[in-house]
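Since the structure comes first, as structure tokens, the remarks are kept for the end.
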Amino acid sequence: MHPHLAASIERLGPMGRWLYDRGEESLWERDTRTLPRYLQRRRRKYRRFARQHVVPLAVEADRAPEQYDPRPLLAEAGRWGLQSEFLPWPVGRMPYRALWSSKIFAAVLKAEELCAACGGIGLSLLAHDLGIAPLLLSGHPPSILRWQVAINLANLRGDVQLAAFAITEPGAGSDVEESEGAGRARVVTTARRAPGGYVLNGQKVFISGGGHCDYVTVFAVLEREDGSRGQVDTDFTCFIVERGRPGFRVGRRERKLGQRACDASQLFFDDVFLPTRNRVGAERSGWALNRNVLNYSRAPVAGIALGIARGAVEAATNFARQTRLNNRPLVEYQEVQLALAGMWMDVMAMRGLLWQSVRHVKPVQGIAAAAKARCGDLGFRVANRAMELMGDHGYLAAHGAEKGMRDVRLNQIYEGTNHINALALIESLWEPEFRP
Amino acid sequence: MIGERARQEEWRAVESTLRRFAGRVERTLFAGEEPDGDLACVPSLLAELRELGVLADPSPDHPGHELGVWGRHCREEGAGLSLLALSTLGEACGGFAAAVHAQGLACLALDGEGDFPSGAALAAVFTPHYGLPFGPEGSGLRLEGQGDGLRLRGESHFLLAAGPPAGLVCFARAADGPEGEWAAVAVEGDAQGVELAPAGRRTGLRAAHQYHLRCEQVPLQHVLQRGAAAHHALQRVVACDWLGQAAIALGVARRAARDARAYAAQRYQGGRIIEEHASVRLLLGTAEYDAGLLADVLQRHAGVGLDSLEPAALLRWAAEARLAVGEHARRAVTGCLQVLGGYGYMEDYGMEKRLRDVSVLKSLHGAPDRLRLLLDGLARGEDT
């Protein structure tokens with residue numbers, strides 16, 4: 001604080017001095033203290049985990065993802081309770097407060113902290129939450145008790161049990177995420193009834209964590225009663241497939257621009273027999289289940305973008321503090337301060353939008369979609385601005401800014417492209433806001 | 001009229017040759033699965049380009065010296081042919097085009113002087129650790145001593161080259177001249193006191209080489225230029241550097257648009273081909289607008305000899321073209337990547353490489369805000 005301003009504040013009356021903020025804490029601390037205490041504790045825990053366990057691995061995991069084994073880190077995350085946060089004690093580590101308030105605020109905080117350290121490693125941890133989401137959201141007690149509780153307890157013991165979520169197909173990406181296309185989606189993964197269960201055939205692509213998961217929640221079109229082919233919006237059904245099931249295999253791992261520490265794998269299902277108990281929820285409930293998984297997952301995905309953007313801003317800020325131009329630190333130049341301020345404001349806007357979006361007890365489709373899309377766009381803008389501020393250093397791997405750009409670019413694509421999310425907002429709010 | 005027609009026919013012939021060669025670059029480099037191409041093929045492709053006379057050459061006896069990218073012809077005929085070559089090669093591979101561009105810049109700086117043999121890979125040296133070379137720190141290099149005791153000292157960064165440079169054309173501030181007097185000198189890449197270190201892994205343009213230079217009392221036999229002549233030469237090299245980057249980015253953006261359009265013509269969503277979807281049409285239309293704008297900026301003085309342009313006008317043109325890379329070429333490429341959805345993000349489809357390449361081009365040898373400040377300075381008549 002400028003000494004003249006400090007002196008002037010002292011000349012205010014007592015109430016005036018009390019009403020004047022003179023704190024010098026970081027923005028992170030200030031934001032944390034606005035949260036309920038149970039979320040404050042979570043946020044600090046996630047940051048501790050990220051600093052201790054994610055930061056040391058980030059550079060190499062991005063440089064050589066095919067050599068990175070995520071399971072040790074995921075086991076540690078399991079022991080910390082990070083893989084079991086959607087059910088409460090004793091079968092999970094969801095805070096009890098979340099039972100009657102936001103279910104995913106903690107997930108959003110987790111996403112930001114993990115991905116500020118590394119977007120790819122963060123995604124590999126969060127992909128598990130996405131994988132088990134259909135179990136809880138099905139509202140089907142056998143699915144929850146038989147599968148989700150068992151997975152949670154195993155992870156809490158440090159016995160890694162990971163799930164992945166499989167919906168995207170080679171010919172159907174956006175189509176399985178929005179209403180208009182769903183009826184005409186060209187899906188190839190089908191299920192037909194068989195004695196004692198179902199037989200699954202098909203293929204999924206770009207499945208985060210698919211390469212090392214122990215379980216995958218798969219959406220398939222269930223054949224109709226008359227034997228005809230079903231369609232996504234009327235016949236989608238969710239199943240859980242264990243690794244090792246005959247006929248289930250993992251195909252190639254895609255080579256991505258960013259978030260490289262997390263695999264995006266092909267999965268193949270060749271006459272995979274699944275007992276009835278492997279069906280998640282009711283037959284043909286999959287379309288609603290899938291859409292609601294997206295409602296719950298889009299905010300954490302926005303949290304990924306926020307974390308990556310924050311990491312880029314921190315890298316640019318550190319660069320500006322340490323680098324000198326004409327014997328002055330860059331951060332003392334007004335044009336640099338203006339650029340940094342713009343980035344910091346974007347990150348604050350992202351956090352404001354995101355935290356507001358998850359204050360609803362149940363995620364609202366349009367609001368979740370808006371947060372996901374806008375945070376993706378702003379994150380990409382921030383990461384690019386960070387690279388530009390750093391000049392030639394920005395595109396060198398050594399400084400971390402270019403990785404942020406590569407990582408956050410995916411946030412404009414997965415979990416529904418931003419155009420799909422924009423249309424999800426329109427669909428969700430059509431009646432109250434847009435109907436002519 | 002006849003002369004103009006003959007000139008247009010000559011340009012069409014040149015463009016046709018370049019397009020065929022660019023196709024060859026693409027087929028050779030990307031025959032395998034490496035996202036940035038089989039970089040071991042680059043030297044042989046550069047050698048072929050040199051045979052064609054498109055790669056600039058330090059020897060006045062070689063056709064590339066006159067006709068190559070940033071060859072002697074630019075001084076009287078303008079940058080048009082060089083920009084055409086770089087944008088055409090950029091459609092095939094931004095990194096390969098950057099290697100060709102780097103060789104041309106160094107030969108432009110050399111201007112026929114020096115004793116480098118034909119075929120030698122050269123690098124122009126003019127970028128400091130941060131900022132533009134027009135500030136008090138200059139390029140980071142200083143010339144010290146006099147006569148036989150002339151020495152080069154200091155550090156310069158991010159020099160681009162087609163290969164390990166056999167020679168360096170350095171712009172340095174003369175410590176023994178008037179305050180800020182510039183000098184251009186040539187040194188062997190392996191001269192005593194010269195340390196070249198790879199700049200490190202970067203996000204794009206990987207077919208080109210990049211180094212940091214450290215000079216510790218490097219003895220000099222030959223000063224190419226001093227004073228105003230060296231200053232003008234530096235301004236010319238910096239401007240052509242930015243113009244060349246913009247041309248490469250234009251090529252990258254055009255190719256991205258072409259590929260995105262082809263993809264959109266055969267991908268279905270919601271029962272319709274996606275080229276009919278409003279969201280895709282908006283993305284592709286914006287990419288067309290962005291590429292068109294960048295092309296128009298590059299055309300502005302393309303037919304005016306570099307020697308006929310005032311340094312301030314040349315720098316202004318170049319800075320605006322380079323800024324358009326960040327604002328327009330990058331937006332075009334990222335929009336085209338978005339059209340491909342998840343496939344655009346994967347290495348197999350070539351689009352992510354284009355985003356990486358253009359992400360380097362928007363900041364290479366000049367952060368955008370530095371260029372904006374330069375433009376304001378030029379408008380106010382400040383010396384650069």
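Naming: A, B, ... by sequence-line order, numbering from 1 per chain.
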Below 4.5 Å, heavy-atom pairs only: which of [options] has the largest tally toward chain B?
options                                : result
A/His399, A/Arg409, A/Arg63, A/Met390  : A/Arg409
A/Ala264, A/Gly258, A/Ala398           : A/Gly258
A/Thr323, A/Leu325, A/Ile413, A/Leu410 : A/Leu410

Please look at [X] and chain B and tell me whether the side chain, the backbone, both or neither of the residue comes under 4.5 angstrom of a heavy atom of that chain.
X        : value
A/Asn384 : both
A/Arg381 : neither
A/Leu330 : side chain
A/Ala182 : neither

Side chains of B/Gln210 and A/Tyr395: is there a donor and an acceptor less than 3.5 Å apart?
yes
Q | Derivation and outcome, side-chain contact (heavy atoms from CB on, under 4.5 Å), residues B/Leu355 and A/Met405 | A | CA-CA 10 Å; B/Leu355 181 61; A/Met405 183 279 293; 4.2 Å; yes
Kindly compute the distance separating [atom1] ([X]) from [atom2] ([Y]), expressed to the nearest 0.5 Å.
X        : Y        : atom1 : atom2 : result
A/Leu396 : B/Thr203 : CG    : OG1   : 9.5 Å
A/Thr417 : B/Gln269 : OG1   : CD    : 7.0 Å
A/Ile420 : B/Ser279 : CD1   : OG    : 7.0 Å

Just wondering, are more than 12 heavy atoms of other shown residues or ligands nearer than 6.0 Å to [atom1] in [X]?
X        : atom1 : answer
B/Arg331 : CZ    : yes
A/Arg321 : CZ    : no
B/Arg272 : CZ    : yes
B/Arg201 : CZ    : no
B/Asp376 : CG    : yes
A/Glu66  : CD    : yes
A/Gln334 : CD    : no
A/Phe268 : CZ    : yes

Quick check on the 6.0 Å ring-centre criterion: do B/Tyr343 and A/Phe206 meet it?
yes
Taking the six-membered ring where the residue is Trp, are the ring centres of A/His393 and B/His129 under 6.0 Å apart?
yes
Under 4.5 Å from a heavy atom of chain A, the part of [X] involved:
X        : answer
B/His365 : both
B/Leu283 : side chain
B/Tyr345 : both
B/Thr127 : neither
B/Leu282 : neither

N/O donor-acceptor pair under 3.5 Å between [X] side chain and [Y] backbone:
X        : Y        : answer
B/Arg356 : A/Arg406 : no
B/Gln338 : A/Gln412 : yes
A/Arg255 : B/Glu33  : yes
A/Asp392 : B/Leu364 : no

Hey, is [X] close enough to [Y] for a salt bridge, meaning N to O under 4.0 Å?
X        : Y        : answer
B/Asp369 : A/Arg385 : yes
A/Glu388 : B/Lys362 : yes
B/Arg370 : A/Glu335 : yes

**Item:** Heavy-atom check, side chain of B/Met346 versus side chain of A/Val205, under 4.5 Å
**Value:** no
### Query
Is there side-chain contact between A/Leu257 and B/Glu347, with at least one heavy-atom pair below 4.5 Å?
no
Tightest non-hydrogen contact, residues A/Gly391 and B/Ala367, listed as CA-CB, 3.8 Å
*asked:* Is there a side-chain contact (heavy atoms from CB on, under 4.5 Å) between B/Asp348 and A/Arg252? Walk through the geometry before answering.
replied: CA-CA 12 Å; B/Asp348 291 337; A/Arg252 81 174 240 157; 2.4 Å; yes
